[in-house]
Amino acid sequence: IKYQVMYKARAWEDSWRSSVRKGQRSLDDGGRKEETEDRRLRWEGQYFSSHEGFYEETDRSEEEEEGEEPPKMCRNEGYPAELFRVLEEFRRARLLTDLSLRDAAGECWEVHAPVVAAVCSLVMDRLRCGGGGGGAGAQGLFLDTGTGSAGLAAVLEFAYTGDIAGLAGDAAVAEVRAAAETLGAPRVLELCRRREKQQVGREGGDGALENLLSIAELWAEGLGCDVVLEVDGRSFHAHRVMLAAGSDYFRGMFSSGMRESSQSSVTLLSPAPRELSALLSCLYSGALELGWGTVFELTHCALQLQARAALPLCLGFLRREMDVGSCLDVAAFAEAYGMAELRAQADDYVLRNFQEVGLSPKFQDLGPERVSRYLAQDSLCAPSELAVFRVVVNWIQADPGERLGLAEQLMKLVRFPLMTFREFREVRAVEMAMEQEGSVELYQAALREFGFTAERSKKPCRVRQPHETLVLVGGDTLAPDFGQRAPSRDLWFANALRTVTGLVKEIEWRQLVAMPAPARFRHGLAVLDNRLYVFGGSHFYGQCDVLKSAYRYDPCEESWQRLADMQEPRNYSSVAVRGGLIYVLGGDRDTEHNLDSVECYDPISDSWRFARPLDQAMSGQAVSTWEGEIYVSGGFNCRYQCLVSLFHYHPETGTTYLASMTQERAEHVMETLGGRLYVAGGVKALGEFYTDQLACEAYDPHTDAWARFASLRLPHVNAASAVLEGKLYILGGYCQEDYSESTLVHRYDPGANRWESMGKMPGPNTDIRACILLLPTRLRQ
């Protein structure tokens with residue numbers, strides 16, 4: 001059952017992600033989406049602040065004293081549409097229906113009273129008076145004159161979907177309007193009005209959300225509730241059909257002939273009252289407040305009840321919010337419940353952050369089997385093998401009486417040949433300390449492993465193959481004879497990361513594919529739905545060599561597709577993804593003029609349109625997104641002066657300036673990492689000239705403030721950048737002082753606040769772009 005639930009959870013997640021993308025592309029008609037969101041926020045605030053049960057019993061002050069972050073409100077955006085699809089299936093199968101609607105022609109419609117009452121005041125009034133629903137069996141409601149079958153069917157379609165698909169033509173609208181007036185359905189009347197004015201925007205997912213919020217209000221008032229759940233002396237009123245639609249557990253209970261299907265009160269042995277309260281609120285809203293103090297209990301209950309809305313939220317929280325303090329708990333929980341995928345992700349987090357996790361108190365409580373399993377992995381990441389040795393020593397010293405005897409076994413898993421001579425001295429010092437505590441012989445075995453007496457046929461290393469892949473696109477490089485520069489069509493990807501001796505790192509680069517001609521550099525790059533988009537750039541160095549062509553690469557199909565051209569040629573532009581659309585901002589039209597225009601690309605229609613322009617013409621700026629919004633920093637203005645600004649760009653409202661950077665910069669990089677915007681590299685002004693910008697800083701959107709972090713040791717001007725496994729990569733570029741190329745890759749670790757060298761670039765170095773893709777396994781074998 002657990003494995004089946006996990007399979008369904010993944011399917012549900014895919015469904016709601018798809019719904020989010022579709023919803024983000026739909027029209028925002030008259031502020032309807034904002035009104036719906038405001039209504040949802042008001043309802044959630046009223047419920048979660050006043051409802052008895054789970055949230056009142058959570059000790060927030062104790063969590064804050066322990067340094068834990070407060071719980072977060074998580075929403076399953078695709079849940080309303082998914083829930084109403086199930087409710088429609090119930091209606092067609094006449095499952096758990098409790099109200100009969102009969103029109104003037106005598107046709108009968110079996111429906112669910114709470115669903116119809118959410119949009120029809122006539123049925124709502126009937127519930128308030130105690131008729132229909134309430135467990136009294138199927139009740140009848142006769143609708144006399146003015147209600148034709150087609151009109152009633154359309155109103156019911158709206159109740160079960162949030163929209164009316166075939167509402168077109170005066171006659172159809174008039175019939176639906178008549179039925180809506182009879183039933184008291186104001187939102188259907190509003191839809192008719194919009195269609196009459198040929199406002200063709202569909203409500204879609206927002207209509208389903210509005211319907212769900214209305215049912216939630218019924219539940220909050222106790223209207224139409226036809227079952228009481230009793231658990232541990234607490235009573236919870238609910239609608240039987242909503243429980244069945246939102247939980248496979250309750251669907252089996254109420255639809256398979258069990259005795260509970262006819263009882264007005266059902267006693268549950270579990271879950272506990274506060275978990276049940278939280279899951280019920282999620283069932284009626286698609287929202288769940290999650291924190292580390294509650295998520296494991298709620299995940300357990302969501303699995304037990306097979307809760308359609310809550311389970312993807314819980315699993316998403318465990319994956320998304322995993323940190324050094326919780327990853328081992330997540331791994332243990334996933335192992336206990338047979339969640340192989342979640343356990344693999346938790347174990348991978350431990351391996352990626354082994355030094356920090358290995359020194360945590362929870363790691364000291366692990367058994368020797370799990371410690372050995374982590375140590376044996378090639379993909380274990382640490383600054384050096386000395387850090388791995390220190391973790392093992394700390395684990396042994398946490399309980400020397402029991403663990404000294406395991407020292408030799410564990411030390412065999414430490415890869416001493418990866419240490420330098422200086423690092424190996426520490427091994428001897430630790431071994432001497434251990435000798436005083438008991439008979440431990442580590443040094444001789446470690447010395448032999450270190451390589452003084454044995455010749456090795458291959459270079460020792462730890463090799464990590466990240467799940468996602470760092471990809472380099474295009475760029476140019478200086479020819480070996482220094483005679484000319486050569487633009488590139490090549491795509492390279494980092495197949496594996498290698499830790500060699502001491503702090504030395506290497507990247508195993510492989511060639512992926514070639515772009516369609518021509519070769520390009522200074523181009524724009526975006527990734528949407530794991531597809532790579534390439535926009536504009538230059539194919540050579542002349543004034544007329546700026547491109548406006550666009551291409552899309554699908555790594556699963558290993559194919560390129562030519563897209564519609566941009567409306568203006570541009571290079572040195574920046575690209576961002578927002579709401580399923582791609583925005584190309586600013587850039588240079590030629591060698592003397594930069595642009596203030598912003599173009600928006602719709603992948604569905606393969607078309608471009610202009611969005612609201614920037615406040616000023618600019619190029620060489622950096623862009624990143626945080627919580628779905630676009631942020632732009634620095635760049636050159638129309639006089640090619642370096643800017644110090646940071647602003648939020650909205651395609652409809654334009655530019656909102658935020659706190660400026662502490663230093664001006666252009667041709668730099670900016671990436672979102674850990675809720676902050678990190679900027680690095682580029683150039684700054686030095687009188688009438690430019691010089692390398694080595695200082696780095698990070699912006700906190702919550703406080704609207706900048707803070708410095710470790711400076712670069714070497715320049716990276718017009719370099720590529722990406723975030724992989726929680727670390728910032730800056731790749732290639734050049735040095736402004738002497739125009740020499742930066743052939744190195746540097747990686748910033750925010751936990752250690754330091755840059756480290758990751759080896760060399762595979763080919764082109766300057767005017768290059770990078771992204772993260774999920775490549776098929778066949779390409780990485």
Side-chain angles (χ1 to χ4, degrees), residues 473-476 487-489 515-528 532-552 562-578 581-603 606-625 630-643 645 647 649 651 654-655 666-670 682-683 717-721 766-771:
V473 182
D476 75 341
S488 174
R489 295 171 51 199
M515 282 188 293
R520 68 183 67 207
F521 54 96
R522 302 172 186 167
H523 46 290
L525 205 66
V527 174
L528 178 61
L532 170 66
Y533 291 79
V534 182
F535 304 110
S538 294
H539 68 89
F540 209 64
Y541 307 94
Q543 182 135 337
C544 299
D545 293 327
V546 181
L547 301 168
K548 62 178 180 179
S549 57
Y551 287 89
R552 176 171 61 203
R562 175 71 183 262
L563 307 176
D565 286 353
M566 293 187 294
Q567 302 190 53
E568 291 184 288
R570 62 184 77 213
N571 63 16
Y572 283 126
S573 60
S574 53
V575 183
V577 176
R578 181 185 186 273
L581 302 173
I582 303 175
Y583 294 87
V584 183
L585 298 87
D588 284 339
R589 184 176 58 202
D590 48 47
T591 58
E592 297 179 355
H593 302 90
N594 50 21
L595 302 165
D596 65 352
S597 62
V598 177
E599 296 192 43
C600 174
Y601 177 73
D602 185 346
D606 185 29
S607 62
W608 292 90
R609 63 176 174 83
F610 281 110
R612 188 173 182 119
L614 302 171
D615 274 8
Q616 61 177 318
M618 60 172 50
S619 61
Q621 71 277 5
V623 65
S624 189
T625 57
I630 300 173
Y631 292 82
V632 182
S633 65
F636 296 114
N637 63 14
C638 61
R639 296 185 296 276
Y640 287 90
Q641 298 169 324
C642 294
L643 299 172
S645 59
F647 60 84
Y649 171 77
T655 300
E667 294 186 345
H668 57 294
V669 303
M670 180 167 68
V683 297
V717 179
N718 202 16
S721 66
T766 62
D767 296 319
I768 196 167
R769 299 296 178 260
C771 66

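One-based numbering along the sequence shown.
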Could I get the full list of ring pair (Phe, Tyr, Trp, His ring centres under 6.0 Å) partners for Phe535, not counting sequence neighbours? Trp608

Partner residues of Asp596 under the side-chain hydrogen bond (donor to acceptor under 3.5 Å, both in side chains) criterion, sequence neighbours left out: none

Ignoring hydrogens, what is the shortest heavy-atom contact between Ser633 and Met670? Give both atom names and the distance. OG-SD, 3.4 Å

Taking every non-hydrogen atom, the tightest pair across Pro569 and Leu595: O-CD1, 4.0 Å

Give me the atom names and distance for the closest heavy-atom approach of Ala564 to Ala550. O-CB, 3.8 Å

In chain order, what residues pass the side-chain hydrogen bond (donor to acceptor under 3.5 Å, both in side chains) check against Tyr601, with sequence neighbours excluded? Asp606

Does any non-hydrogen side-chain atom of Phe647 lie less than 4.5 Å from one of Asp615? no

Side chains of Cys600 and Arg578, heavy atoms from C-beta outward: is any pair under 4.5 Å? no

Side chains of Arg609 and Leu581 in contact at under 4.5 Å (non-hydrogen atoms): yes

Shortest non-hydrogen separation from Tyr640 to Ser619 and the atoms involved: CE2-OG, 3.8 Å

How many angstroms lie between OG in Ser488 and CZ in Arg520, if you round to the nearest 0.5 Å? 12.0 Å

Calculate, to the nearest 0.5 Å, the distance between atoms CD and OG belonging to Glu568 and Ser573 respectively. 11.0 Å

So Val683 and Phe636, do their side chains get closer than 4.5 Å, heavy atoms only? yes

May I have all residue pairs that pass salt bridge (Lys or Arg N to Asp or Glu O under 4.0 Å) and include part of residues 534-543, sequence neighbours excluded? none

According to salt bridge (charged side-chain N to carboxylate O under 4.0 Å, His left out), who are the partners of Glu599, at least two apart in sequence or on a separate chain? Arg570

Answer yes or no: is there a donor N or O on one side and an acceptor on the other, between the side chain of Gln621 and the main chain of Leu585, under 3.5 Å? yes

Partners meeting side-chain contact (heavy atoms from CB on, under 4.5 Å) with Gln641 (sequence neighbours left out): Asn637, Arg639

For Arg562, all residues meeting salt bridge (charged side-chain N to carboxylate O under 4.0 Å, His left out), sequence neighbours excluded: Asp565

Do the non-hydrogen side-chain atoms of Cys544 and Asp590 ever get within less than 4.5 Å of each other? no

From Leu547 atom CG to Phe540 atom CZ, the distance as rounded to the nearest 0.5 Å: 13.0 Å

Which is it for Val575 and Ile582 under the side-chain contact (heavy atoms from CB on, under 4.5 Å) test, yes or no, and what are the steps along the way? CA-CA 7 Å; Val575 183; Ile582 303 175; 3.5 Å; yes

With Val473 via side-chain contact (heavy atoms from CB on, under 4.5 Å) - residues at least two apart: Val471, Leu491, Met515, His523, Leu525, Leu532, Val534

For Arg489, check side-chain hydrogen bond (donor to acceptor under 3.5 Å, both in side chains) against everything at least two apart and list the hits. none

Hey, does Thr766 have a side-chain heavy atom less than 4.5 Å from the side chain of Asn718? no

Can you tell me how far OG of Ser645 sits from CD of Gln616, rounded to the nearest 0.5 angstrom? 6.5 Å

Residues which pass side-chain contact (heavy atoms from CB on, under 4.5 Å) with Val623, listed by chain and number, not counting sequence neighbours: Ser574, Ala576, Ile630, Val632

Flag the pair Ser538 / Asp767 as yes when at least one side-chain heavy-atom distance between them is below 4.5 Å, and no otherwise. no

I would like to know whether Leu563 and Tyr533 meet side-chain contact (heavy atoms from CB on, under 4.5 Å); could you show each step before the answer? CA-CA 9 Å; Leu563 307 176; Tyr533 291 79; 3.6 Å; yes

Do Tyr649 and Leu614 come close enough that some side-chain heavy atom pair is under 4.5 Å? yes

State which residues pass salt bridge (charged side-chain N to carboxylate O under 4.0 Å, His left out) with Asp588; sequence neighbours excluded, sorted by chain then number. none

Closest contact, heavy atoms only, Ala517 versus Tyr551: O-OH, 3.7 Å

Distance check, rounded to the nearest 0.5 Å: Cys638 atom SG versus Asn594 atom CG? 6.5 Å

Does Tyr572 have any side-chain hydrogen bond (donor to acceptor under 3.5 Å, both in side chains) partners at least two apart in sequence or in another chain, and if so, which? Arg522

